[in-house]
Peer 1: 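Here you go, one structure.
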Amino acid sequence: MEPSEIVNTMFHKDAFSQWLGLQIEGVSKGGCILKMTVTEDMLNGFGIAHGGITYSLADSALAFASNSNGKHALSVETSINHLQKVVAGDILQATAKEQSITRKLGIYQVEVNRGKELVALFKGMVYRTEKDWNIE
């Protein structure tokens with residue numbers, strides 16, 4: 001099964017990623033690029049994007065990238081570094097890249113950028129199940 005078929009299937013069942021307004025910009029085996037625009041309802045009391053917004057964008061990129069290899073994959077550990085503040089109107093791009101993969105585990109890094117500026121750096125480990133992706 002093609003990586004883009006897997007990601008499109010996942011995305012169409014993912015109400016939260018749709019609520020975020022994510023757009024799929026690119027998919028490859030072990031990789032994914034997502035884009036979104038930060039809206040007013042994503043801001044915290046300081047008038048900047050809630051940290052969960054960049055985290056959720058990166059987490060979705062991790063999910064799509066890790067599942068694109070053809071096996072169902074679930075995150076077991078993630079972390080994020082918030083490097084710059086994000087505000088309403090910012091267009092963010094998350095680029096997930098596979099760093100290491102074994103039969104059971106995958107390690108991914110996701111860079112979240114506003115244009116050329118790195119605003120967050122996310123790292124995730126996934127557990128790769130034995131279940132293959134099959135689209136019926």
Peer 1: Please indicate whether E25 has more than 12 foreign heavy atoms, meaning atoms of other residues, nucleotides or ligands, lying under 6.0 Å from its CD.
Peer 2: yes
Peer 1: I want to check something: taking the side chain as every heavy atom from C-beta on, are E2 and V27 in contact at a cut-off of under 4.5 Å?
Peer 2: no
Peer 1: Scan residues 125-134 for pairs that pass salt bridge (Lys or Arg N to Asp or Glu O under 4.0 Å), counting only residues two or more places apart or in two chains.
Peer 2: K71-D132, R103-E130, K104-E130
Peer 1: Side-chain polar contacts of residues 11-18 - donor-acceptor pairs under 3.5 angstrom, sequence neighbours left out - could you list them?
Peer 2:
from, atom 1, to, atom 2, distance (Å)
D14, OD1, F16, N, 3.3
D14, OD1, S17, N, 2.9
D14, OD1, S17, OG, 3.4
D14, OD2, S17, OG, 2.7
S17, OG, S60, OG, 2.8
Q18, NE2, F11, O, 2.8
Q18, NE2, H12, O, 3.3

Peer 1: Does any pair with a residue in residues 110-127 pass salt bridge (Lys or Arg N to Asp or Glu O under 4.0 Å), and if so which ones, sequence neighbours excluded?
Peer 2: D90-R114, R114-E117
Peer 1: Mind running side chain to side chain contact (heavy atoms under 4.5 Å, CB included) on T95 and Q93 for me, showing each step along the way?
Peer 2: CA-CA 6 Å; T95 303; Q93 180 173 294; 3.6 Å; yes
Peer 1: To the closest 0.5 Å, what do you measure between CD1 (I6) and CG (N67)?
Peer 2: 7.0 Å
Peer 1: Examine I24 and V38 and state if one hydrophobic cluster contains both, with Ile, Leu, Val, Met, Phe, Trp and Tyr joined whenever side-chain heavy atoms are less than 4.5 Å apart.
Peer 2: yes
Peer 1: Can you tell if the side chain of Q23 reaches within under 4.5 Å of the side chain of L34, non-hydrogen atoms only?
Peer 2: no
Peer 1: Are I101 and V126 connected in the hydrophobic side-chain network, where two residues link if heavy atoms are under 4.5 Å apart?
Peer 2: yes
Peer 1: Same cluster for I33 and L121 if Ile/Leu/Val/Met/Phe/Trp/Tyr side chains link at under 4.5 Å?
Peer 2: no
Peer 1: Using residues 72-87 as the side-chain source, report each donor-acceptor pair under 3.5 Å to any protein atom, sequence neighbours left out, with the distance given to one decimal.
Peer 2:
from, atom 1, to, atom 2, distance (Å)
T78, OG1, Y55, OH, 2.3
H82, ND1, T54, OG1, 3.2

Peer 1: Enter the distance from N8:CG to F64:CZ here, rounded to the nearest 0.5 Å.
Peer 2: 9.0 Å
Peer 1: Which pairs, with at least one residue in residues 41-69 and sequence neighbours excluded, count as a salt bridge (Lys or Arg N to Asp or Glu O under 4.0 Å)?
Peer 2: none
Peer 1: What pairs meet the salt bridge (Lys or Arg N to Asp or Glu O under 4.0 Å) rule with one or both residues in residues 27-37, with sequence neighbours excluded?
Peer 2: none
Peer 1: Under a 3.5 Å distance rule, please check whether S100 uses its side chain to pair with a backbone N or O of I107 as donor and acceptor.
Peer 2: no
Peer 1: Can you measure from OG1 (T37) to CG (L20) and round to the nearest 0.5 angstrom?
Peer 2: 11.5 Å
Peer 1: Hey, could you give me the CD/SG distance between E98 and C32, rounded to the nearest 0.5 Å?
Peer 2: 12.5 Å
Peer 1: Show the nearest heavy-atom pair for residues G30 and S68, with the distance to one decimal.
Peer 2: N-OG, 2.8 Å
Peer 1: Kindly write out the residues that satisfy side chain to side chain contact (heavy atoms under 4.5 Å, CB included) with A94, not counting sequence neighbours, or none if the list is empty.
Peer 2: L57, A61, V110, V112
Peer 1: Using 0.5 Å steps for rounding, measure from the CG atom of N113 to the CG atom of L118.
Peer 2: 5.0 Å
Peer 1: L43 and L22: same hydrophobic cluster, using ILVMFWY side-chain contacts below 4.5 Å?
Peer 2: yes
Peer 1: Calculate, to the nearest 0.5 Å, the distance between atoms OG and CE belonging to S56 and M42 respectively.
Peer 2: 9.0 Å
Peer 1: Please tell me if the side chains of W133 and E5 come closer than 4.5 Å, counting only heavy atoms from C-beta onward.
Peer 2: no
Peer 1: Establish whether V119 and F46 are linked, either directly or via other cluster members, by ILVMFWY side-chain heavy-atom contacts under 4.5 Å.
Peer 2: no
